[in-house]
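Note sheet for the following structure.
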Amino acid sequence: MNSVIKTLFLKELRDFFRHPQSLTMFSMVLTMNLLLSFAIGELFVEMTVNMSLVMIGFYCPAFLTTEEKEKKTLTALLLTPISIRQIILGRASLYALVTFVVTMGIILIFHFKEIYLISSVITIALGSLFFTMLGMGVGLIAKKQSEVSAIGTVLLLFMFLPELLYGVKPLISKIALTIPIHHILGAIREPIFSIEFLKYFGFTLLFSLSLFIWVRGLASDVLLTENNSFKLKGRDAIFFTSLIGIAASSIFLFSEPMAKVIKIDERTFLDFPYRSFKIPYNESRYEFKQKKVLRMPLLTYKRRDNEKVKIRIHLKKLTADEDLKFHVEKYLKELSKDKTLKVDSHFKKIGQREVSYISYEGSQSEVTTLHFVVKDVLIRVDPRMSIKNSDLYQSLVRDSEEIIQYWK
Amino acid sequence: MKSPIINISNLCKSYGSKQVLKGLTLNVEEGEIYGFLGPNGAGKSTTIRILIGLTDCQVETLTLADLSPFPRNTEFLNQIGVVQESQNLYENFTVLENLELFANLLNLKKERVAQVMDELSLNGHRDTKAKELSKGFKQRVLIARAFLHEPKILFLDEPTSGLDPIAADKVHRFIKELKKRGTTIFITSHFMEEVEELCDRVGFLRDGVIVEEGVPHELLTKYNAKRLKDIFLEIMGEGNE
């Protein structure tokens, strides 16, 4: 490592351990993850990774950069024969490293089964650098630390909410596609040599490169200006235009087209162009709706004659060490927490498929959930209704079985 | 004839429609202590920022030790040391850590830090964090930091502002010591007694130009004044009240 950058890295490290705000953010991320893990049992990668990247990667360098601007210590550094690039790299190297270590730690502890290791290492390294540079950029623009807090809060919500609600509404999904965290979280879930990984990582890289170039120019302008104040320039317009361009390309490339209704052997199916399955669809009896919850497709067949009656289909990609039995046991374990439920479970063949039936007495009627596996996807079919009618429920279960039988 | 170590000719600086410096011209000879005087807002700090390469400007000639501050360059930065009015030390670092950081960035040996700490009697507080130091002590650390690499030109912006007489005297003694070693010192101050005591020459800045310049005792004779403060008041006049 260049000796100047090494000196600056060690300076940042010393500052990190003595700075109350850095330590607060650091311990908040760790405490919140542990508490949430203890309280909820299962954490969403959308939440934990986001929290770590924004709170450590963004907030810490942003606070410190603004503080150094306010106290004019950055000016003192500029009066030594080191370059602005070295000042940026010195800070970025430490905070990107800390963010990387914490985020990877969280991923390995809480989400190991949901991710691919090499994809995660590469993507989180770039993502950590992205958020650190973003923090430094905002730190350079902000006049006071209170401004950093305000911008950071908006940023956290902007990064967090669309991603968490991705798939719920088309507009929210489109907004989520414009945010780099979507691509970071997408890339860590794909194997390194897959097209999907390259697409997600490519967009993370594009966002990062435009940000790095912008921050480099911004630092020169702000630091070599009286009172270190920020003034909007042509360079900023180019940066924001490039961001809009990248975001628009992302919407174009990642938006999933809606399922098409097709006919095979006189039977109607829903065909998903980006997925390798076709689902039987009784168009005259049901209305179809497609959503995603935490990136998992959630398909709903709503009865046309009674909208309180529906079949929900959840899809989940299985990891290498998971199978149908694993998930059935997991589901049963969850249900066993409610001691009032009498749960019955058995396996039955529908056509060539082995299907798990889990039933218990619900408030309206008996509830049956069917699980089966196609390739590496676990499918949970959930006949649901909010009225009491046993016959109707049984017909709903039969329709569910038909979906499983003809699922291609 | 030797050329001046600071050579400024027709320096102009505007902020929007407001022109702060309107063709400032001044020369400082090597080894001289030059007092740069003027009321608040006259443009003293802006001039220093320009001279140290932190703010751009329009200028006919601008060289310090025969080097231009623009574009920002290593050779130039090695020739200057700056003590700014804001006491910009790393507050969470000790005195030693503050000095070692800059010594490393300046590629100096550790012995140099020990030497400077010795010269400025900082050893008693080497492990004290900057935020726990008195204002006078911080000022000494700042001077030590600015002088670590033995620059040819030292800029001191209000070096004794807010210091008690004892602390100010220590700073004065060190400035005199640096002069003996041949360092050129460019100083701004509102304390006319301090300027009289330290400076070889002074320049009065008003409305963006030097309106009077000379050796303090010669100026006293010229204006028939007892103190430099009287000359300052006369030159700046009512327009700046």
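Note that the structure is predicted; figures quoted are calculated from it, not measured. Below, chains carry the letters A, B, ... as their sequence lines are ordered, and counting in each starts from 1.
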In terms of heavy-atom pairs under 4.5 Å with chain B, which of Leu77(A), Leu223(A), Leu74(A), Ile84(A) leads?
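So the answer, after comparing Leu77(A), Leu223(A), Leu74(A), Ile84(A), is Leu77(A).
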With a 4.5 Å cut-off on heavy-atom pairs, point out which of Glu68(A), Gln86(A), His19(A) contacts chain B the most.
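Most heavy-atom pairs within the cutoff with chain B belong to Glu68(A).
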Residue that, paired with Phe58(A), satisfies side chain to side chain contact (heavy atoms under 4.5 Å, CB included) out of Leu53(A), Leu156(A), Val138(A)
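Going through the options one by one, the only one that passes is Val138(A).
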Sole residue of Leu30(A), Leu97(A), Asn33(A) in side chain to side chain contact (heavy atoms under 4.5 Å, CB included) with Val102(A)
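Testing each of Leu30(A), Leu97(A), Asn33(A) against Val102(A), the sole residue satisfying side chain to side chain contact (heavy atoms under 4.5 Å, CB included) is Leu30(A).
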Does either side chain, that of Glu132(B) or that of His125(B), offer a donor lying less than 3.5 Å from an acceptor on the other one?
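No, no side-chain donor-acceptor contact under 3.5 Å.
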Run the salt-bridge test on Arg235(A) and Asp221(A) with the 4.0 Å N-O cut-off and return the result as yes or no.
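Yes, charged N to carboxylate O under 4.0 Å.
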For residues 66-98 of chain A, which residue pairs pass the ring pair (Phe, Tyr, Trp, His ring centres under 6.0 Å) check, not counting sequence neighbours?
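Listed once each, the pairs are Phe16(A)-Tyr95(A).
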Restricting to pairs with a member in residues 6-32 of chain B, which pass ring pair (Phe, Tyr, Trp, His ring centres under 6.0 Å), not counting sequence neighbours?
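Residue pairs with at least one partner in residues 6-32 of chain B: there are none.
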Would you say that more than 12 heavy atoms from the other residues, nucleotides or ligands in this model lie under 6.0 Å from the NZ of Lys144(A), or not?
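No, not enclosed.
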Contact origin within Glu67(A) toward chain B - heavy atom pairs under 4.5 Å:
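Neither part; nothing is under 4.5 Å.
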Quick one: what part of Thr225(A) sits under 4.5 Å from any heavy atom of chain B, side chain, backbone, both or neither?
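Just its backbone gets close to chain B.
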With a 4.5 angstrom heavy-atom cut-off, could you sort out which part of Leu89(B) is near chain A: side chain, backbone, both or neither?
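Only the backbone of Leu89(B) comes within 4.5 Å of chain A.
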Chain A contact via Ser86(B) - side chain, backbone, both or neither, heavy atoms under 4.5 Å:
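Ser86(B) touches chain A through side-chain heavy atoms alone.
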Check side-chain hydrogen bond (donor to acceptor under 3.5 Å, both in side chains) between Glu85(B) and all other residues, then give those that pass, not counting sequence neighbours.
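Residues passing side-chain hydrogen bond (donor to acceptor under 3.5 Å, both in side chains) with Glu85(B): none at all.
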What residues of residues 59-84 of chain B sit under 4.5 Å from chain A when you count only heavy atoms?
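Residues in range: Arg72(B), Thr74(B), Leu77(B), Asn78(B), Ile80(B), Val82(B), Gln84(B).
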Min side-chain heavy-atom separation Leu10(A)-Glu97(B) under 4.5 Å:
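No, every pair of side-chain atoms sits at 4.5 Å or beyond.
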